[in-house]
Amino acid sequence: MHSEAVTVTDLVKRFGDFTAVDHVTFTVRAGEIFGFLGPNGAGKSTTIRMLCGIITPTSGSGHVAGFDLFRQPERIKESIGYMSQKFSLYPDLTPMENIRFYLGIYAVPPSSWKARTEWVIRATRLESVRHRLTRDLPPGWRQRLALGCALLHRPRLLFLDEPTSGVDPITRRHFWEFIRQLTEEGVTVFVTTHYMDEARHCDRIVMIDAGKIAAIGKPSEIIQKTLPDRPGADLQEAFVALMRGRP
Amino acid sequence: MRWLRVRELVRKEFIQVFRDKRNRPILVLSPLIQLVLFGYVVTTDVRDIRVGAVDHSKTPESRRLLESFDANPTFRILYRLEDPKALDRLILRQKVDLGIWIPPDFQAKVRKQKTAAVQVIADGSMSNMAAVRIAYTSNVVDGYNTRLLQEHIKRKIQYGEIDLRVRTWYNPNLDSQFYYVPGIVAFLVMLLSLLLTSMAIVREKESGTMEQLIVTPLRPFEMILGKTIPFILIAQAQMIMVALFALFWFNIPMKGSAPLLMAATCIFLLSTLGIGLFISTVSRTQQQAMMTNFFFIVPFFMLSGFVFPIANMPLGVQWLTHLDPLRHFLVIIRGIFLKGTGIAVLWPQFLELAVLGGVVFAGAVLRFQKRLD
């Protein structure tokens, strides 16, 4: 495994006249939780969707999980897990059927299906609802199932697009504990969020606004660099200060 | 290419199709109901002609003319009127299909061996029906003329007669149900396979599961197989179900080979599934897909020769009909059902259908790959 899970240089995505992502350059180190923070419409989802091969970048270069972003998108897809802000499992299937489907799609050897299914059901605490229709589960439970399905093929790199939006605080806390546990097993996590307070769960963050990187580094470093004269300031204040400093 | 992925996709598709309670009646009941409805409704047979008669002659000759209409099982004289204007009103209100007016000088002219005029008024708003009714009317009048002639000469006319002996093959009773029911079977298979395929893919786009699939290593071609195999199986099952129903309910003969029909259905499905795939690449929502489906279904229906004979179309349009998969499949399915035709005769249709299906399917696959990237 490379020591860098993701490296991108001058990544650009334009939709017509609109530049959603404007020359973004950053590196994600293996085994860290990397946060992508910014307000709605800042280009977070567009970036993560480019890294996962859902949309093609307009220009730039990059590697994800050791594979070239432009030439090896299929190899990238085998190595990553992805969970989107929009719940995207089949509501008319049960959790068990959803899990089996994704085991098949990721071509996990059928001999390990049983063990893998049990592991995911246990890790996401879905034992009691495994044969209910996914449609009838509460949103937080569905989100856990989606996360579980993204982990079935044991990816080394996990992309999470606004995983906690619309989820209650207790579920959010459980969620971050679970993510921390994954990184202890060596998984790299790339996560976007617009909740500034979630940055404290991240090892390093990028702050993005209007498609451009405003700041990059450890949360504490960013605060210190932006507001050196205010030791008690939080990330929210640092972000506002960064925005104000721009033309 | 991993069969495991295709297998699980097919499995999932079947679970989804049959879990939806609204789908079950659509898949089983609606083809049967449509077949029964269409089977009785789509018919061009003229079986019952309602007649309004105005007899101003009131003579044995004129009565015998009207009796010869009454004696014919196709005609029914419903009204006997005095005023020709009343006849107009009856035709206008669609109380009768045909008006017959015998003028006062009918007997006199017949007896003087002159040509006697009888007026026949037909409702021409449905031109085909009117033409058939007029033809039947001329038949009755011809019969009357011949009898008149024979009575007048009072001996057998001595000349060599031409004796036409007409045999109608394949459909001896000229039953139009025989002609239409196999066509309806073909039409229903097209309708369902088009709709199911395009909807199944667009539904994934709408619900966001497509995005999730794009992030997986699932290859476009595996996805296409996984999305079409279920509908090939469902369409074949429907073909068998509907065909059995046509055999036993409408007593349509099945003269040809059932395996050949199944093979033809498979080739036909290549085109319809290809178009279904194509529709799914140009539509974002199920509503758009539905509208786009009709954009294909209506011309396919009109140009297929299902109702309007292709031979009557302008030459340019006749060429155009070769692009209609339903047209070729109709020839095949009617040939197999009614005439027992084999591949030796139907090979041009098979060939055209296969080429058409191959091109359409390949085109759709190429477009599909572009969209998935």
Side-chain angles (χ1 to χ4, degrees), chain A residues 45 48-57 64 67 70 72-94 96-111 113 133-135 142 145-146 149-150 152-153 155 157-161, chain B residues 1-24 26-27 196 199-230 281 284-286 367-373:
Chain A
S45 283
I48 204 169
R49 287 159 68 100
M50 279 193 283
L51 297 179
C52 296
I54 299 169
I55 52 177
T56 315
V64 175
F67 300 109
F70 288 86
Q72 299 167 297
E74 294 306 314
R75 297 301 303 277
I76 293 177
K77 289 173 185 178
E78 285 167 17
S79 330
I80 61 166
Y82 168 79
M83 184 185 126
S84 75
Q85 55 186 334
K86 195 177 154 197
F87 174 75
S88 51
L89 296 181
Y90 298 96
D92 46 349
L93 300 187
T94 65
M96 290 297 273
E97 286 164 342
N98 267 305
I99 288 170
R100 177 178 171 149
F101 176 69
Y102 280 102
L103 282 169
I105 294 303
Y106 278 105
V108 174
S111 55
W113 282 13
L133 282 190
T134 305
R135 175 195 301 140
R142 288 200 297 233
L145 175 62
C149 285
L152 283 168
H153 57 298
L157 178 53
L158 187 60
F159 287 94
L160 304 169
D161 190 9
Chain B
M1 177 75 200
R2 300 286 287 264
W3 273 111
L4 182 66
R5 292 191 189 130
V6 178
R7 192 190 79 192
E8 288 306 308
L9 204 53
V10 170
R11 196 186 127 92
K12 184 219 78 176
E13 215 62 47
F14 268 113
I15 295 177
Q16 284 190 307
V17 167
F18 288 103
R19 181 157 294 165
D20 190 345
K21 286 195 180 70
R22 286 166 306 175
N23 261 345
R24 285 179 223 161
I26 289 173
L27 290 174
L196 286 175
M199 288 300 172
I201 297 171
V202 175
R203 194 180 52 222
E204 299 231 14
K205 278 196 201 174
E206 244 180 5
S207 67
T209 48
M210 184 60 104
E211 186 175 310
Q212 195 69 40
L213 286 180
I214 291 172
V215 187
T216 70
L218 183 68
R219 300 278 196 281
F221 193 65
E222 293 165 340
M223 169 122 188
I224 287 170
L225 281 182
K227 282 284 179 188
T228 49
I229 290 172
T281 65
R284 249 174 240 262
T285 64
Q286 296 192 58
R367 233 196 105 78
F368 199 77
Q369 265 166 340
K370 257 165 101 183
R371 293 285 303 196
L372 252 179
D373 195 339

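So you know, we letter chains A, B, ... as the sequences are listed, proteins then strands, and number each from 1. Computed from heavy atoms alone, side chains included, the values below leave out hydrogens, waters and symmetry copies.
Residue contact with chain B, scored on non-hydrogen atoms closer than 4.5 Å, involves the side chain of Pro110(A) exclusively. Neither the backbone nor the side chain of Ile76(A) comes within less than 4.5 Å of any heavy atom of chain B. At a 4.5 Å heavy-atom cutoff, Phe159(A) makes no contact with chain B through either its backbone or its side chain. For Ser207(B), the part sitting under 4.5 Å from any heavy atom of chain A is the backbone (N, CA, C, O) and nothing else.
The CD atom of Glu78(A) sits 11.5 Å away from the CG atom of Leu218(B) when rounded to the nearest 0.5 Å. Here Gln212(B) contributes atom CD and Ile54(A) contributes atom CD1; the two are 8.0 Å apart, rounded to the nearest 0.5 Å. In this structure, CD on Glu204(B) lies 3.0 Å from OH on Tyr90(A), to the nearest 0.5 angstrom. To the nearest 0.5 Å, atom OG1 of residue Thr94(A) and atom CZ of residue Arg19(B) are 6.0 Å apart.
Taking every heavy atom of both residues into account, Tyr106(A) and Val215(B) meet most closely at OH-O, 4.1 Å. Minimum interatomic distance between Ala107(A) and Leu4(B) (heavy atoms only, all atoms of both residues): CA-CD2, 3.8 Å. Heavy atoms only, all atoms of each residue included: Glu211(B) and Ser84(A) are closest at OE2-CB, 3.8 Å. The two residues Thr216(B) and Lys77(A) make their nearest non-hydrogen contact at O-CD, 3.4 Å. Here the closest non-hydrogen pair linking Ser88(A) and Gly208(B) is CB-O, 3.3 Å. Residue Pro217(B) comes nearest to Glu74(A) through the heavy atom pair O-OE1, 3.8 Å, listed as atom of the first residue, atom of the second, then distance.
Proximity of Asp20(B) to Asp92(A): side-chain heavy atoms (C-beta onward) are nowhere separated by under 4.5 Å. Residues Leu213(B) and Phe101(A) form a side-chain contact, since some pair of their non-hydrogen atoms from C-beta on lies under 4.5 Å apart. Counting only heavy atoms from C-beta outward, the side chains of Arg49(A) and Ile214(B) never approach each other to under 4.5 Å. Residues Ile105(A) and Glu222(B) are not in side-chain contact: their nearest non-hydrogen atoms beyond the backbone lie 4.5 Å or more apart.
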**OP:** Dump the intermediate steps for salt bridge (Lys or Arg N to Asp or Glu O under 4.0 Å) on Glu8(B) and Arg100(A), then the final yes or no.
**Re:** CA-CA 8 Å; Glu8(B) 288 306 308; Arg100(A) 177 178 171 149; 2.8 Å; yes

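Evaluation of the salt bridge (Lys or Arg N to Asp or Glu O under 4.0 Å) rule for Arg142(A) yields no partner, not counting sequence neighbours.
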